[in-house]
Protein chains: 2
Amino acid sequence: MLTDRQIQVLQVIIDEFIQTAQPIGSRAIAKKEQISFSPATIRNEMADLEDLGFIEKTHTSSGRVPSEKGYRFYVDHLLSPFHLSNKEMSVIAKAFEKELIEFEKVVQKSARILSDMTNYTSIILGPEVFKTTLKQIQIISLSDQAAVAILVTNTGHVEHRYFTIPNTMQTGDLEKLVNILNRRLVGVPIIHLQEKLYGEVAQLLQQYSNDFEKTYAYLKAALMEHKPVKLYMDGKTNILLQPEFNDVEKIQSLYSVMEKEDEMANVLRTSGKGIKVSIGQENELDEMQDCSLITATYTLGGEQMGTIALLGPTRMEYSRVISLLNVLSKQLSRTFNTWY
Amino acid sequence: MLTDRQIQVLQVIIDEFIQTAQPIGSRAIAKKEQISFSPATIRNEMADLEDLGFIEKTHTSSGRVPSEKGYRFYVDHLLSPFHLSNKEMSVIAKAFEKELIEFEKVVQKSARILSDMTNYTSIILGPEVFKTTLKQIQIISLSDQAAVAILVTNTGHVEHRYFTIPNTMQTGDLEKLVNILNRRLVGVPIIHLQEKLYGEVAQLLQQYSNDFEKTYAYLKAALMEHKPVKLYMDGKTNILLQPEFNDVEKIQSLYSVMEKEDEMANVLRTSGKGIKVSIGQENELDEMQDCSLITATYTLGGEQMGTIALLGPTRMEYSRVISLLNVLSKQLSRTFNTWY
DNA sequence: GTTAGCACTCTTAAACATTGAGTGCTAAAT
DNA sequence: ATTTAGCACTCAATGTTTAAGAGTGCTAAC
């Protein structure tokens, strides 16, 4: 539907605009070496491209700027594989080469790399809790009334929940309780913990005494508590470097959505497998409609485990960002797969 | 050193400027009911106040604006106790009335209240880890090589550190290790954990075998790891509502310092007991020199436990903010003291 | 000591002219 | 039938001028 020449022109416009953030005129395009036509010809092509909706004018006599449709076409058809420099590759490699055994640190480091290398904001969604299973449960009493239950998952994740213990309970009882819980719940997926607790374990507990029943109610409440998946962000201020964000209103709306971790997490969670690009209005969240979000998933044993993403202006270095996310998500998958 | 009338004028200027963010002229001051002098007289007083450095002009023929010295005088001498409305008091009371047993939640809630009620950015420094003692230690092995040590403090804080176990170690050995650690380390202040580990426990461990020694080295490394005190912030975007921050550069510099949690934590940590006000240049951090920071400490058993703070423009509602911090820090102290 | 009066200063906003980049169209060139 | 040169036209950006208005500092009168 687009002629070769139109595609050529479009490519130059987008490439150039991504670099400069300035509208591109026919003269500037004609000067590019890969272009062998006069400005007048290019003007005609640009008029057509504009009619087709791929580029826009900022005012009647301005140069052209890519539209979202233009970016979409660019991302779908014009992306040339970008090669990260050796320097960049070695930075990544170095970050992963020392033996890291802590999930948090690996993720934080990755977020830092992403935001530092791109000057965009990086977002990483931790592993889905419900895909992990219980490794061990511990209960430690803090006082007569309060105790903390500590859950460790097979991925080494540690979570803790506080709960109240009925004052009729004896010291030794807690230990018995832990034993029962461990015997019955180890290996159970976290997501099924609650129902398992409700079914088998409840009965078992009732055989002891009323006190247990009460404890059980408290404990269940604590375990039910929805602990949202953790979201890691870095380079939130990078957005401020982008010329499209020297409007305080825009900054405000974007920052306010970044504060809503639940919504952000949800966007990443539902992004689907592999690399996904959401340009401007394609984003579900209104506040992100001046931005592009590129997501990539990392896996454990072939199953999707979490998501890494970069958030920047629609005028994003798509090619570079996609390569980088590709490299990093693979690296993350590899690392996690060697662990578990 | 200042006459009563000068003080009156200064008070009106600052009160007014805090409300409007606009320079105040002599005519506007004369109109205030508490003022019974003509604009010309006030102009003379203002000239004196300016000579003394309490107020400033934005340009030759503008109204006056408080200087930092002016704010300092205002805070030190002109502050009238501010009474929070019943509505506000009840919001705070309500937040604390339901039985909360989780430290994080109380703090997060407090941060939310502070930022919501003031439209400034709230910052809360969690309790100093080194003031707490070890309640219990648990070690759970994740795989042949990796294990996680879980530390619970007397305040119910849960921390975990990952470490590597030497592959010569037996399954039962881990349990023995935990027993030794618990027998020797429970009740020890977290800050002394490392030296205690080095002294007594090391000897005890060496009696067993070389494997233990290796484990010990790994474990020690894990425990040494400096885990910074947690910093809670809320209302980071509130700053954007202030007219003094519609300059992207200022936003950027302030946000970049807010990202440096270590430095922020340090500022709060060294703020001293009770309410402290840092105005503009009085702040250590360069990036905060357009802001005021008001801190208050909360205590446990009379000892300083942590800090709550509000960060806003130098044109801050000092009176209200100080009252609010007072109320909230007391409430926090009360809550924690009932727990422990 | 206080105040009215007034010249003066400086900001702000609007009105206007100038410049330059870039377009669309037409007609000539290929 | 394309492609291109030429040219009138548009509009943002910039600078200049002007007028209005807010506020000051000073002087002289109260």
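A note on names: the letters A, B, ... follow the listed sequences, proteins ahead of strands, and every chain is numbered from 1. Scope of the values below: all heavy atoms of this structure, side chains included, with no hydrogens, waters or symmetry mates.
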Rounding to 0.5 Å, atoms OG (S61(A)) and NE2 (H59(A)) come to a distance of 5.0 Å
- Look at all strands and tell whether S62(B) reaches a base, only sugar-phosphate, or nothing, counting heavy atoms closer than 4.0 Å. sugar-phosphate
Exercise. State plainly whether the residues R315(A) and E244(A) are in salt-bridge range, i.e. N to O under 4.0 Å.
Key: yes
Of the listed dT4(D), dT2(C), dT23(C), the closest approach to the T41(A) side chain comes from dT4(D)
Atom CZ of R27(B) and atom P of dT24(D) are separated, to the nearest Å, by 11 Å
Task: Sidechain N-carboxylate O distance under 4.0 Å for E50(A), R64(A) - done: yes
The complete set of ring pair (Phe, Tyr, Trp, His ring centres under 6.0 Å) pairs with one or both residues in residues 23-53 of chain B, sequence neighbours excluded, reads none
In whole angstroms, the gap separating P of dT3(C) from CE of M46(B) amounts to 14 Å
Comparing nearest nucleotides in DNA chain C, the 5'-proximal residue of the pair T58(B), S38(B) is S38(B)
Polar side-chain atom of T297(A) near backbone of G274(A) as donor-acceptor pair, under 3.5 Å
yes
Note to self: For a quick check of understanding: with a heavy-atom distance under 4.0 Å over all strands, which category does S26(B) fall into, base, sugar-phosphate or nothing?
What the structure shows: sugar-phosphate
Considering only heavy side-chain atoms of F37(A), the closest of dG23(D), dA4(C), dT4(D) is dT4(D)
Taken to the nearest whole Å, CD1/I35(A) to C1'/dT4(D) is 16 Å
Among the nucleotides dG23(D), dA4(C), dA21(C), whichever has the atom closest to the side chain of S61(A) is dA21(C)
Separation of dT23(C) atom C1' from E50(A) atom CD, nearest Å, is 10 Å
From CD1 of I29(A) across to P of dA21(C) the rounded distance in Å is 16 Å
Testing dT11(C), dT3(C), dT4(D) for proximity to the side chain of A40(B), the answer is dT3(C)
Q. Does K57(A) make a side-chain N or O approach to OP1 or OP2 of dA21(C) shorter than 4.0 Å?
A. no
Picking from dT24(D), dA12(D), dT4(D), the nucleotide nearest the side-chain atoms of R64(B) would be dT24(D)
Checking dG25(D), dG24(C), dT4(D) against the side chain of A47(B) (C-beta onward), the nearest is dG25(D)
**OP:** Kindly indicate whether the side chain of R43(A) and the base of dG24(C) share any N or O donor-acceptor pair separated by less than 3.5 Å?
**Re:** yes
Whole-Å distance, N44(A) CG to dT26(C) P, equals 12 Å
note: D51(A), atom CG; dG24(C), atom C1'; distance rounded to Å ~ 12 Å
Regarding the side chain of H59(B), the nearest nucleotide among dT11(C), dA12(D), dT24(D) is dT11(C)
L49(A) CG to dG24(C) C1', in whole Å, measures 16 Å
May I ask you to check whether over 12 heavy atoms, not counting those of R112(A), lie within 6.0 Å of atom CZ? no
Which of dT3(D), dT3(C), dT23(C) is nearest the side chain of R5(A)? It is dT3(D)
